[in-house]
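One-based numbering, in listed order, for ligands and for the atoms of each.
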Amino acid sequence: MTILITGGAGFIGSHVVRLFVEKYPNYHIYNLDALTYAGNLENLNDIVNKPNYTFIKGDITDENFVNSLFNTYKFDGVIHLAAESHVDRSIKEPLAFVKTNVIGTMILLNAFKKCWSHNFENKRFYHVSTDEVYGSLGETGLFTEKTAYDPNSPYAASKASSDHFVRAYGETYKLPYVITNCSNNYGQNQFPEKLIPLFINNIINNKPLPVYGDGNYTRDWLYVKDHAIAIDVVFHKGLNGEMYNIGGINEWKNIDLVKLLCEQMDIKLKRPKNTSERLITFVKDRPGHDLRYAIDASKIRKDLGWEPSVTFQQGLEKTIQWYLTNEEWLDNVTSGQYQSYFKNQYN
Ligand code: NAD
Ligand code: TYD
């Protein structure tokens, strides 16, 4: 099998690439990534010389380029993760999200369709999506695969739109697809603009921890390696035309999570108790901030036998440890342009 993984130099993509390259020596894995601010080849240093791995630098919105790749390599499977992925950036620059997340997905779908010209036997297009397409829950309830889409941020709207196009290609052209909608991921190699790595970095550097609004927003957190395992399971065992929700069964209010993180960081950094908690600063809320996300993951558990393998305590421990032992990685990604993003977002 030849498999195209898009966005493989990013956070989740790099874990998926590594899993597939190491677990399936008979597959050839092509990693297509534009290396935006979020893409980092350092994430894959350990597998770069594997014979079944090839990195291709390129943009999924470049139609001629994407078509020529499909002509050359005839990918049997696509696992599509490339995206603009940060809600705050989508509020400032929504058009960039339409371009990559909607148009980029369309270009990949068209290239895949053209490449196999309706002869889709043993082919698969796997679209990686988010629970944010479902909008916001109140204090109770869970997102199931039947929950109606109700996206609130430009990021969520762009992902919802791309999901609809994937589904429409399945209905209209019989393109064999699967879609997964996953909750918030955390773990090593996450760019420090998302809550957990941003706050780890700020604690290390004794900077304020900007909690949006009153901090009473809830997210369901999943360890990134468990997401990668779920993607492997769905890619191989999922049914065409199906959606699967993936979640950590692990809800945390932001403020409680941040306090736990502060506690664990104080221990790791051998700082007196409550040192990090004093950095918590309540700041202006995110516009359109979704109150709560929580996933009902019973379909993937019952049908495909997947469930998270680590507890939140274990996953967070591994994550903190990784950032503390990879300060060079953190320094590299937080130099240059990151500084102006940070000033612009939090000033
Ligand atoms: P990320 O921002 O860390 O990585 C995205 C990658 O895509 C980067 O390597 C970037 O260089 C690449 N990319 C961006 N635009 C591109 C383009 N035009 N052409 C080619 N490559 C491009 O994102 P992530 O957090 O790893 O998320 C990966 C996917 O998983 C996304 O589709 C996202 O919507 C989805 N997802 C993320 C989460 C989460 O918590 N992070 C949860 C559920 C679903
Ligand atoms: P984030 O990691 O951006 O993921 P998402 O918006 O996709 O859920 O944010 C997680 C939660 O943390 C969300 O409720 C927003 C909140 N948050 C803050 O309070 N402060 C911050 O600086 C960031 C980045 C997020």
Evaluate the criterion side-chain hydrogen bond (donor to acceptor under 3.5 Å, both in side chains) for residue pair Y293 and E132; output intermediate values, then yes/no. CA-CA 7 Å; Y293 305 145; E132 304 194 26; 3.2 Å; yes
Start with the C-alpha gap between M265 and I204, add the side-chain angles, then the distance that decides, and say whether side chain to side chain contact (heavy atoms under 4.5 Å, CB included) holds. CA-CA 8 Å; M265 288 294 289; I204 293 172; 3.9 Å; yes
Yes or no on side-chain hydrogen bond (donor to acceptor under 3.5 Å, both in side chains) for N184 and D131, after CA distance, side-chain angles and deciding distance? CA-CA 8 Å; N184 286 59; D131 61 356; over 6 Å; no
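Protein residues with a heavy atom closer than 4.0 Å to ligand 1 are G7, A9, G10, F11, I12, D33, A34, L35, T36, A38, G39, G58, D59, I60, L81, A82, A83, S85, T100, V128, S129, T130, Y155, K159, C182, S183, N184, N185, K194, listed by chain and number. Listed by chain and number, residues touching ligand 2 at under 4.0 Å (heavy atoms only) are H86, V87, D88, E132, N184, E193, K194, L195, L198, F199, P210, V211, Y212, Y217, R219, N254, R286, H289, Y293, Y346.
Separation of atoms CG (L209) and OG1 (T281) is listed at 6.5 Å; rounding is to 0.5 Å.
The salt bridge (charged side-chain N to carboxylate O under 4.0 Å, His left out) pairs that include a residue from residues 284-300 are D88-R286, E242-K299, E251-R292, where partners are two or more places apart or lie in different chains. Pairs passing the salt bridge (charged side-chain N to carboxylate O under 4.0 Å, His left out) check and including a residue from residues 54-67, sequence neighbours excluded, do not occur.
Of the residues listed (Y341, Y37, Y155), the one engaging R89 in a side-chain hydrogen bond (donor to acceptor under 3.5 Å, both in side chains) is Y37, and it is the only one.
N250 and W252 form a side-chain donor-acceptor contact under 3.5 Å, judged by distance and modelled atom types alone.
Annotation: cation-pi geometry not satisfied between K123 and F75 (NZ/CZ under 6.0 angstrom from ring centroid, within 45° of ring axis).
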